[in-house]
Amino acid sequence: MILKVWGARGSVPAPGPRMNRYGGNTSCLQLSLPNGEELILDAGTGIRNLGLELAGRRRIHILLTHLHLDHIQGLMFFPPCFRAEVEIVIWGPASPEASLEERIARYISAPLSPVEVRELPCSVSFRDTPASEWELGGATIRAESVTHRGPTLGYRIACGETTIAYVPDHEPALGAPLAGLEPEWISGFDLARDVDLLVHDCQYGDEEYPEHVGWGHSRLSDTLTFAQRVGARRLLLFHHDPLHSDERLDELGVDARRSWRALGRDASEIEMAAEGAGVEVEPAVPAMHA
Amino acid sequence: MAIQQSQKPLELILARNLLTSVSTPAFLLDAESAVVFYNEAAGALLGRPFEDSGRMSAAQWTGAFGPFDGDGTPVEVDSLAVTDAIRAGRPAHGTFEIRAADGERTAVEASAFPIVASPNGASGAMVLFWPLDRNEPTR
C-alpha cells in the first residue's frame, strides 16, 4: 500500500510561508491499494488538490473519521463532486441524532455553502460505518470509536499482509495512565495493534499539553507511548497544530526520534507527516506466495 | 484481518477514566454485571484496591463483599431492585450493606445507571456509593 499525504494539519488550515514544507491543508490521505483501488481518508482541505489528480476515477470511497470541519471542509471543493459520471460513497460515524447525510448537509447548505448536497452533479451516497469489519476495494476495514470530542472513529485497514491504522484525532491518555494500563482499557488499542503503519494524532508538544487537556488531541509522549504499547512498526505523526511552523515541527520530529530511541526503537521508524509526501507501507514479514 | 475483541467499548473506557478521577466510591459493571473496575475511594471502603481484586463476576463479588440487608443476611444480586433496573435499562437507587475485606460491614446508599451507547442495549453500568451514618436506617 502507498499512502500519500494531501493534508496533515489539524483544526484549521494554516497556509503561509512558515508552513510550506509540512503544508497548511487539513486532514486528507490517499491510500493506494496494490490492486489499483484507492481509498480517501478524511476530506479536509487537502482533498481539493487530491481531486485534481483523480480525473479518471468513476467511483470514489471517502472514509471520514468524524465531522469536525477540518475533516470535511474540502468536500465542497472536491472536483469529482462536480462530475456527473462520478459515484462518491462517503462513510462516517453513525449518530442517533441525525443521518450522516443530514449532518454533513449542515455544512454543504446555505448560508455556509452556495450549493446543497442534492445539487451536486455527482452521485453521492452516505453510509454509516458497519459495527463489524467490511470489505472495500479489496481492503478489509474496521472502524471503532476512539477518545476525542464528539463521535469519532479510527480506522484499521488491511490489504493482503499489510495493515495500517488511521487515528488522526485521539486523546487516549485523557484520564488514563497509558504506560501502565491494561490494553483492553486503552482507546484505539485493537485498531492499532501490531500495524505496519500507525498514522496518529500528535498535535502538541509535551509542554503545550497541560493547557489543552481534554481538547481531544495527543501530546508527543502519549503518542509515542500509545504506538509503543500497540506494537506499531512505523509511526507517522499527524494532525499538526496550526500554530506549529516548519521549524517547530522539525523540532518536534527531533524530540520524537530521540524519545523513540529511548524506548529502544529505531528512529527511522518515525516520520512527521508532510503534505505531498508518500509512504510505502510493507508488511512486517513478506507474504509467502505459492 | 481478524481483530481480537478484547478491548472494552469506548463508553466503558471513558467511564473508567471518569471514575478514576472522582473521590466518590464507584464501581463499573460490564454487560454481564461483572465488576470490571472500582476506583480508589471504593477500594478504601472495601479495604482492597482494584489492582488486587481484578475483574469479579457477580457471584465472586457477592461472595466477597455482599450486599447484605439490615440484619446482615446476604442479598442475592438478582433480587436487588438495582439489578432489575439496570437490566431493564433504567437508573436505580437503593440502600444496603457491604462488607469490607476486614469483615466490617458498612451501610451504603447506592445510585446506579446504565451506560448505553448503541441500540443493542447497555454495555455496562456505573454504580456510585455513599456510606451512610450508622444510625441512619437503611431504606
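Chain A is the first sequence line, chain B the second, and so forth, proteins listed ahead of strands; every chain is numbered from 1.
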Heavy-atom proximity to chain B below 4.5 Å, by part of A/Leu181
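The side chain, not the backbone.
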Between A/Asp201 and A/His217, a side-chain donor and acceptor under 3.5 Å:
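Yes, side-chain donor-acceptor contact under 3.5 Å.
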Residues A/Asp222 and A/Tyr209: side-chain donor-acceptor under 3.5 angstrom
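Short answer, no.
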Do A/His239 and A/His71 have side chains that get closer than 4.5 Å, going by heavy atoms?
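Touching, per the 4.5 Å side-chain cut-off.
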Residue, of A/Gly188, A/Pro177, A/Ala94, A/Pro172, that accumulates the most heavy atom pairs under 4.5 Å with chain B
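Among A/Gly188, A/Pro177, A/Ala94, A/Pro172, the one with the most close pairs to chain B is A/Gly188.
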May I have the step-by-step check of side chain to side chain donor-acceptor pair (under 3.5 Å) for A/Glu171 and A/Ser187, ending in yes or no?
CA-CA 8 Å; A/Glu171 191 178 11; A/Ser187 165; over 6 Å; no
Residue B/Leu18 versus chain A: region with a heavy atom under 4.5 Å:
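Answer is neither: B/Leu18 stays 4.5 Å or more from chain A.
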Engaged part of B/Ile13 at the chain A interface, taking heavy atoms whose separation is under 4.5 Å:
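When you check distances to chain A, atoms from both the backbone and side chain of B/Ile13 fall under 4.5 Å.
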